[in-house]
Amino acid sequence: MKEVNISDLEKKFEERIAAEIRIEPNDWMPENYRKTLIRQISQHAHSEIVGQLPEGNWVTRAPNLRRKAVLLAKIQDEAGHGLYLYSAVETLGADREETIDDLHTGKAKYSSIFNYPTLTWADIGMVGWLVDGAAIMNQVPLCRTSYGPYARAMVRVCKEESFHQRQGFEIVTTLAQGTPEQKAMAQDALDRWWWPALMMFGPSDAESKHTEQSMRWRIKRHTNDELRQMFVNATVPQAELIGLKVPDDNLTYNKEKGGYDFSDIDWDEFWQVVNGHGTCNKERIEARKKAKEEGIWVREAALAYAEKRAARRKQAS
Amino acid sequence: MSNKEWPLWEVFIRSKQGLSHKHAGSLRAADAEMAINNARDVYTRRSEGISIWVIESNKIVASDPDDADALFEPSNSKVYRHPTFYAVPDGVGHM
Ligand SMILES: [Fe+2]
Ligand SMILES: [Fe+2]
């Protein structure tokens, strides 16, 4: 046995982080770094998977075949994103099925945005434009996060995300240029999705208990408020371009800071939804549990079949 | 509830003829055939590959990161393995 000293290991770890050297699965890492990553990546994975549900709601009712094919392709991408992220969690020694069970028991969280219902076709446009748009804002800096497998998963995810936002914006643009009824439908959807989209970046920096440590470990590269500001700056001109009004009377461009000033977020609503009292929290978790329970026989049958075939092959040789 | 999992597989993709297979990621599958099919769905949806290798993750043998110094340090001192170590008179041109 080699004699190792924890503080030496910690020092070496901190030096690597400072030198922007990625941490890989078998490298020594502080227990808290591991735990933080397991929490963040699994929460991210759950969000990708649960995020399929509000969109799945519209697959059979997409207005035409092109829109339907696009929506299916996007939802399939999200399943892939979930898989890349669950794989990254596994490299940290977490058990995949236990991780998923934590979602089902409510121990693990997912993005609160997916607890809002998709009431009209315009909502599918908003999900792509605003929700995927906010996700991209969050995920691009994560391509440089300090844990190698997470960063690599994010590179793949970001490549695939680029069409998600565009297809959403295309849906919204088409409606905004349509009949007065269609335009009203787009505006109504923007009114409902704008604030929940801003909440996606999480609590304000003053309230966020994990931000400081995550920034030090270079898991996060920007604070929640920085990312939210970047999103507002990027999105407001897009809304103006297509003639929709962002539902915030205090929205003004601040020349000095080179970005928009906007109203305070309704944090009561945010915490209500995070803590399980949003419109669809119950429905989302029920759907996930049902998928797991009703899929058990498939997983067992596939395994039994694989074992039987392996035994037969062994006998034949 | 039964939580027995399918084995974990590592996926390697050849992006085009003439290039070697490169690690793309991992996935779970009941057997090799399913691993190939899942890898196709997950890792080659945008023409990223023309050939797939899969291997069960627990069959991979890896070097120990703690041995990295002992394994890779000695090569740092052998600069004469690099062409820039050698002096070549001006005018030789490309060599
Ligand atoms: Fe995604
Ligand atoms: Fe997406």
Side-chain angles (χ1 to χ4, degrees), chain A residues 1-2 4 9 12 16 23-29 73-74 76-77 79-91 95-101 104 148-149 152-153 155-157 159-160 162-163 289 292-310 313, chain B residues 1-16 19-49 52-73 76:
Chain A
M1 271 299 277
K2 274 179 274 188
V4 277
L9 290 171
K12 201 174 154 198
R16 279 194 172 188
I23 306 302
E24 294 295 343
N26 293 329
D27 295 339
W28 186 89
M29 61 187 83
K74 177 187 188 295
Q76 192 187 13
D77 276 353
H81 299 172
L83 181 124
Y84 309 152
L85 289 160
Y86 284 126
S87 296
V89 176
E90 282 194 277
T91 66
D95 181 277
R96 179 182 305 213
E97 289 304 319
E98 278 174 32
T99 305
I100 291 168
D101 290 341
H104 298 176
R152 290 192 286 276
V155 171
R156 290 194 66 86
V157 166
K159 254 186 221 158
E160 300 184 352
S162 51
F163 100 78
K289 276 194 194 156
K292 177 159 179 173
E293 277 158 24
E294 293 183 359
I296 285 180
W297 74 269
V298 179
R299 295 201 304 278
E300 287 178 349
L303 208 52
Y305 177 66
E307 279 162 8
K308 202 164 103 185
R309 277 217 306 185
R313 225 175 291 129
Chain B
M1 190 187 296
S2 144
N3 252 347
K4 193 166 179 212
E5 293 185 58
W6 290 342
L8 188 66
W9 300 77
E10 298 303 322
V11 178
F12 298 82
I13 309 270
R14 185 201 294 286
S15 58
K16 62 176 198 186
L19 296 179
S20 49
H21 288 74
K22 199 174 155 230
H23 186 237
S26 43
L27 49 77
R28 288 195 174 265
D31 60 17
E33 197 185 326
M34 188 194 278
I36 295 266
N37 286 329
N38 288 356
R40 187 205 70 134
D41 286 348
V42 177
Y43 293 109
T44 66
R45 287 201 306 285
R46 288 177 174 79
S47 326
E48 293 98 330
I52 300 172
W53 286 352
V54 293
I55 182 162
E56 256 187 84
S57 308
N58 61 18
K59 300 248 165 73
I60 290 183
V61 182
S63 65
D64 185 338
D66 291 339
D67 295 340
D69 285 352
L71 287 174
F72 309 116
E73 183 59 31
N76 289 342

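Keep in mind that this is a model prediction, so the values were computed, not measured. Residue numbers begin at 1 in each chain, while the letters A, B, ... track the order of the sequences.
Chosen from Asp27(A), Leu83(A), Asp77(A), the residue pairing most often with chain B at heavy-atom distances under 4.5 Å is Asp77(A).
Of the inter-residue distances, the one linking Gln76(A) atom CD with Arg45(B) atom CZ reads 5.0 Å to the nearest 0.5 angstrom. Here CD of Glu90(A) is found 10.0 Å from CG of Leu27(B). Values are rounded to the nearest 0.5 Å. In this structure, the separation between CG on Leu8(B) and OG1 on Thr91(A) is 10.0 Å, given to the nearest 0.5 Å.
A donor-acceptor pair under 3.5 Å links the side-chain atoms of Ser87(A) to the main chain of Ser26(B), judged by distance alone.
The minimum heavy-atom distance linking Ala30(B) with Ala302(A) is given by the pair CB-O, 3.6 Å. What you find for Asn26(A) and Pro65(B) is that their closest heavy atoms are O-CG, 3.4 Å. Closest of all the heavy-atom pairs between Trp6(B) and Val298(A) is CZ2-O, 4.3 Å.
For Lys159(A) and Glu48(B), the salt-bridge test fails: no basic side-chain N is under 4.0 Å from an acidic carboxylate O. Ion pairing between a basic and an acidic side chain is recognised when a charged N comes within 4.0 Å of a carboxylate O; Glu33(B) and Arg309(A) show such pairing.
Of the atoms belonging to Glu160(A), heavy atoms from both backbone and side chain fall under 4.5 Å from chain B.
Side-chain contact between Tyr305(A) and Met34(B) is absent, with no heavy atoms from C-beta onward closer than 4.5 Å. With a 4.5 Å cut-off on side-chain heavy atoms, Arg156(A) and Val42(B) do not count as touching. Using a 4.5 Å heavy-atom cutoff, the side chains of Pro7(B) and Leu303(A) are in contact.
Remark: Trp53(B) CH2 is loosely packed, at most 12 non-hydrogen atoms of other residues, nucleotides or ligands lying under 6.0 Å away.
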